[in-house]
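Read the structure below first, then the notes.
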Amino acid sequence: MPELPEVETIRRTLVEHVKNSKIEEIKLIWPGAVCGWEDQSFEALVTDRRIQTIDRRGKYLLIRLDEDLTLIAHMRMTGRLNYYPENQEPEKHTHVVFRLEHGEIHFSDVRKFGRIQAIPTPLCISGSSLCKLGPEPLETEFTSEVLRERFGKKKLPLKAALLDQHVLAGLGNIYVDESLFRAGISPGRGTDTLTEAEISKLHHAIQDVLQAGIDAQGTSFRDYRDANGEKGFFEQELQVYGRGGKPCKVCEQSLERIRLAGRTTVYCSRCQK
DNA sequence: ACTAACCTGTAA
DNA sequence: TTACAGGTTAGT
């Protein structure tokens, strides 16, 4: 489900409820959803620690606990983190319940792809999946030059390169297609074929569309909900994702729907060159 | 660089 | 019944 704008929205809606709250109890309904550190169980590591704050890196949520422990959470396709102010009966696909001083966090995931890992905070930088991630697209250090640098000497279709989290962190199938449409560039173009002007346009489009996604609290095309169970409303602003065969909102030509880098890809062959 | 695998649900 | 789904990884 969630790409950068959705994860950022979950972060914002969750942190306001749980900041400075102590985790009093963990209920592991499906233990496969979590992993601990070395020989310590997840419950032992996490119980009785206070949530300091929640950060985000790409599509990862970083729940910062006392004494330098971080919970690295990834929702994959259908994961959710829900906050409830009162005790709540777990739903069918809830795998972990964090009982707090006030309220509960429920981690649920229909497809069981999502994971929460407990790891000492210093190891997040060197010893976790985070360490190989590309730059954060909304930070000021991410410039057009950095994007060109990240493409490097690779000769990949843009679609594949932009989906690669090592190139740039946070884009997924929705926001790659939307970025390329807004930049007017075809998803099959090779990373080595772009002019400086096109890279600049793409860089701008990526930042623009991600910010717009956050402003709209994400895209609830199917399952996505924030920590309060609310939908985002960016779906109405989607130009191409999920609109294969429908008319382009700019030129009215029927949108192409192809398979590229193993993913369904929608674009306008007239607006995108 | 592509495919299968991980899972379940929904729609065609 | 089959295809497909917002992601990532480990295999060819």
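Proteins come first, then strands; the chains are lettered A, B, ... in the order of their sequence lines, and each starts at number 1. All values below were derived from every heavy atom in this structure, side-chain atoms included, with hydrogens, water molecules and symmetry-related copies excluded.
The distance from the CG atom of Leu168(A) to the CG atom of Leu210(A) is 8.0 Å, given to the nearest 0.5 Å.
By the 4.0 Å N-to-carboxylate-O rule, Glu24(A) lies close enough to Arg99(A) to be salt-bridged with it. Under the 4.0 Å criterion applied to side-chain N and carboxylate O atoms, Arg76(A) and Asp109(A) are not assigned as salt-bridge partners. Electrostatic pairing of Arg148(A) and Glu196(A) counts as a salt bridge here, judged by a charged N lying under 4.0 Å from a carboxylate O. A salt bridge links Asp177(A) to Lys159(A): one of the charged nitrogens lies within less than 4.0 Å of a carboxylate oxygen. Arg50(A) and Glu101(A) are joined by a salt bridge, as a carboxylate oxygen and a charged side-chain nitrogen come within less than 4.0 angstrom of each other.
Separating the P atom of dC7(B) from that of dG11(C) is a span of 15 Å, rounded to the nearest Å. Taking atom P in both dT9(C) and dG9(B), one finds a spacing of 25 Å when rounded to whole Å. Between the P atoms of dA3(C) and dT3(B), the separation comes to 15 Å (whole Å).
Whole-Å rounding puts the Leu260(A) CG to dA1(B) P distance at 13 Å. The interatomic distance linking Met75(A) (CE) with dC6(B) (P) rounds to 23 Å, in whole Å. A straight line from CG of Asp177(A) to P of dG7(C) spans 10 Å, rounded to a whole angstrom. Rounded to whole Å, the distance from CG on Leu238(A) to C1' on dA5(C) is 15 Å. Distance CD1 (Ile258(A)) to C1' (dC4(C)): 17 Å, rounded to an integer number of Å.
In summary, the aromatic rings of Phe98(A) and His106(A) are positioned with their centroids too far apart to meet the 6.0 Å limit. A centroid separation of less than 6.0 Å is found between the aromatic rings of Phe221(A) and Tyr241(A).
For Leu156(A), counting side-chain heavy atoms from C-beta on, the closest listed nucleotide (dA5(C), dG7(C), dA1(B)) is dA1(B).
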Heteroatom pairs (N/O) under 3.5 angstrom, protein to nucleotides 8-12 of chain C:
residue : atom : partner  : partner atom : Å
dT8(C)  : OP1  : His74(A) : NE2          : 2.9
dT8(C)  : OP2  : Lys59(A) : NZ           : 2.8

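Scanning DNA chain C for stems, defined as runs of 3 or more consecutive Watson-Crick or G-U wobble pairs whose donor-acceptor distances all fall under 3.5 Å, gives the following ranges: B:1-6 with C:7-12, B:8-12 with C:1-5.
Within 6.0 Å of NZ on Lys231(A) lie no more than 12 heavy atoms contributed by other residues, nucleotides or ligands.
Summarising the geometry of Gln40(A) relative to Leu45(A), their closest heavy-atom pair is CB-CG, 3.7 Å, with the distance given to 0.1 Å. Considering all non-hydrogen atoms of both residues, Lys154(A) and Arg150(A) come closest at NZ-O, 3.9 Å.
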Quiz item: Where along nucleotides 7-12 of chain B does protein come under 4.0 Å, by heavy atom, of base (B) or sugar-phosphate alone (S), with - for untouched nucleotides?
Solution: BBS---

